[in-house]
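Structure first, then comments.
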Amino acid sequence: MVSNIQGQIERVTFHNEENGFTIVRLKVPGYRELVTLVGNLMAPLPGQVINATGEWVTHPQFGEQFKVVQYKTLVPATVTGIERYLGSGLVKGIGPVMAKRIVKLFGEETLVVIDETTDRLCEVEGIGEKRLGMIRKAWEDQKHIREVMVFLQGHGVSAGYAAKIYKQYGNQSIEVVKENPYRLAMDIFGIGFITADKIAENLGFQKNSPVRVQAGVIYVLSQMADEGHVYYPYGALIEKCINVLEVAQEAIEEALDVLFSDKRIVIDNLSERDVRSNAETSAVYLSTFYACETGVASMVKTLLRSPYSRRKVDTDKAIQWVQREISMSLALNQVEAVKVALDSKIMIITGGPGTGKTTIIKAILAIFERLRIEILLAAPTGRAAKKMSEATGHEARTIHRMLEFSPHKRGFQRDEKHPLMCDLLIVDETSMIDTVLMYHLLKAMPLHSTLILIGDVNQLPSVGPGNVLQDIIESNAVPAVRLTEIFRQAQESDIIVNAHLINSGIIPSLDNSEGTNHDFFFIEKTGPEEALETILRLVCIRIQNAFGFDPLDDVQILTPMNRGTVGTSNLNTEFQKALNPREDGIMRGGRSFRINDKVMQIRNNYDKDVFNGDIGRISKIDLENHEVTILFDGRAVTYDYPDLDEIVLAYAVSVHKSQGSEYPCVVIPLLTQHYVLLQRNLLYTAVTRGKKLVIVVGSKKAMAIAVKNDKQQNRYTFLRERLASRA
């Protein structure tokens, strides 16, 4: 039976910004108890008055609730309601304390004062010109954002995107969305093609609209890039687009022709068949990826042909000298690596943990320093660069910092016109470098310089498109030294020994009574619930008691999946409760953030100088200014509330996100429920992240599946062939 109620929001119990689903507690005249109201609401705030139409339902667990069908919001009329409304986070610059002061002075006229005579707020203690300007702007923005919210809700989209859309387009937001809603998918992080397509459908765009089909093709190619592909075969792409867009093949082909004419894509008839994937010869690239792949191949060849600026070195004498200098005898393959480095313009050193890569770097550095030449060290991530600095005693920077990336100056400032000032560049963790980043790195290389790429080709490939390290090695265009010998000191670590066994397809001993150093343990649990319970006890109590590792600073849970009982999402929820059970905090996008939470950045943000995979701790939540401060390696970075969709909890992270990092202790859930992702290189990568202790919690069957599964997903890339050709 349809009913109508009106009341004031006392508390927002839950609100998901992505889909609008909300649970609020409503104070309704005539009802002794607070009413639970559920439904899709736009940005609900305590103090707000809701007039709702819907029906009463009985939830089996939570009892009687009012389920909203339609509603409208009204500004609060009482002094208490206005105070709660203003203090709930509506306006940047007004928190609970300031709201109390404002309402105490202006009473029931408060909202009229803010709306019509804002200058009068200066009469309130603590509000000066700066804060007044902040409040005035925030109040005006709120009006426009609410217009955008109403518009979006009318077209089937949640209000959670309104602030982002308004931030991107300002007062033109509604006009931009009406004209081409697919721009949202390209311009705004968090809004993909599916959301934009929903808006377009509600605005009356037809399925076979050229604007929609062209945007859809770009979307599918971008999805393929997210899976690691640099290009996608023409026929396979058409099939995918038909499935996603539900339009005829002719419409897809027409869209491809237009996109090709507009130079947004490149259709390349590959000069020879890609025998690895048995793909057809016609490949479709997003233009950026085509330029990067062909650019990498061309620049590698140019660098190889270019002369040295430094004098030639007697390698035998250099080897003898450096062994005395570093007080260490080099093994045969280490000697080979140093010699190749001295004789080559570009070279690759690849090997697993304990195979002496750091010793080789130290030897190469000692020789090149003796030659008095400029040396630079770099790595893809901040953690990898820090690790490189600690291992070598030389400063290492992230590739982005070294290339002086600036979003305000349109990208990397170092390029062929402004090259790096170096004679030798050593780059670590090269397996993490995708096609685009390698292109920009090579663009900035001086032609007289030497480039040494170091990495473990058996780890997971880059998150971004391409398989650069493996492709360069397999092309045989560049000298490569593979390190396979595990040195005696490393053999004392079960972590290193077992990592190499896994990489060789051999299941390591899972008997905890064996081993020498006891830094690798396996705890058998077959069900996800008991695995979760075990991991909670391990991290919160047992590891700290037995090994002294701090649960937050020293222990990292690495899991293959995001979903499920022992996926990142649920693990983070459970560990937030266990390790940071504070009552205060904020909700964003259905996620709770609290002071002292361990969090991770999930996209590169060049303005803030934080990057995908960086882990920090929340140090401050400013309810008044709508800001959250996060410490990354001691550096404070401030986020506005709308930017928090770039942040996730990081008590547990995916194995992919852990690349380039090392942690004192790693805990890995490994169950047959993870079947799709039980792969050798994923398990190998996870195990090699642990520096002092690795604990695997799971089933022996899952371990066996992962170790035996050496089938890696093929990535469509033509870099190997381009490098191998003489053209």
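Throughout, residue positions are numbered sequentially from 1 according to the sequence presented.
Applying the salt bridge (charged side-chain N to carboxylate O under 4.0 Å, His left out) definition to pairs two or more places apart or across chains, those involving residues 243-252 are Lys207-Glu246.
In this structure the side chain of Val599 never reaches within 4.5 angstrom of the side chain of Ile615, judged on heavy atoms.
Aromatic ring centroids of Tyr231 and Phe289 lie 6.0 Å or more apart. The aromatic ring centroids of His400 and Phe412 lie less than 6.0 Å from each other.
For Lys67, the NZ atom counts as loosely surrounded, since its 6.0 Å shell holds 12 or fewer non-hydrogen atoms of other residues, nucleotides or ligands.
The OG1 atom of Thr381 lies 10.0 Å from the CD1 atom of Ile433; values are rounded to the nearest 0.5 Å. The structure places CG of Asn570 at 10.0 Å from CZ of Phe575, a figure rounded to the nearest 0.5 Å. For the atom pair Leu719 CG and Gln470 CD, the distance stands at 11.0 Å (nearest 0.5 Å). Going from atom CG of Leu469 over to atom CD of Glu429 covers 10.5 Å, rounded to the nearest 0.5 Å.
If you check the side chains of Glu293 and Tyr285, you find a donor sitting under 3.5 Å from an acceptor. Side-chain contact, Tyr169 with Asp187: a donor N or O sits under 3.5 Å from an acceptor N or O. Between the side chains of Ser569 and Asn562, no donor-acceptor pair of N or O atoms lies under 3.5 Å.
Under a 3.5 Å cut-off, the side chain of Gln413 and the backbone N or O of Gly411 do form a donor-acceptor pair. At least one donor-acceptor pair under 3.5 Å links the side chain of Asp614 to the backbone N or O of Phe611.
Between Asp710 and Arg680 there is a salt bridge, since a side-chain N of the basic residue sits under 4.0 Å from a carboxylate O of the acidic one. A salt bridge between Asp471 and Arg715 is absent, with no side-chain N of the basic residue lying under 4.0 Å from a carboxylate O of the acidic one.
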Verify side-chain hydrogen bond (donor to acceptor under 3.5 Å, both in side chains) between Gln601 and Tyr639, making sure each step is shown before the conclusion.
-> CA-CA 11 Å; Gln601 176 81 15; Tyr639 290 75; 2.6 Å; yes
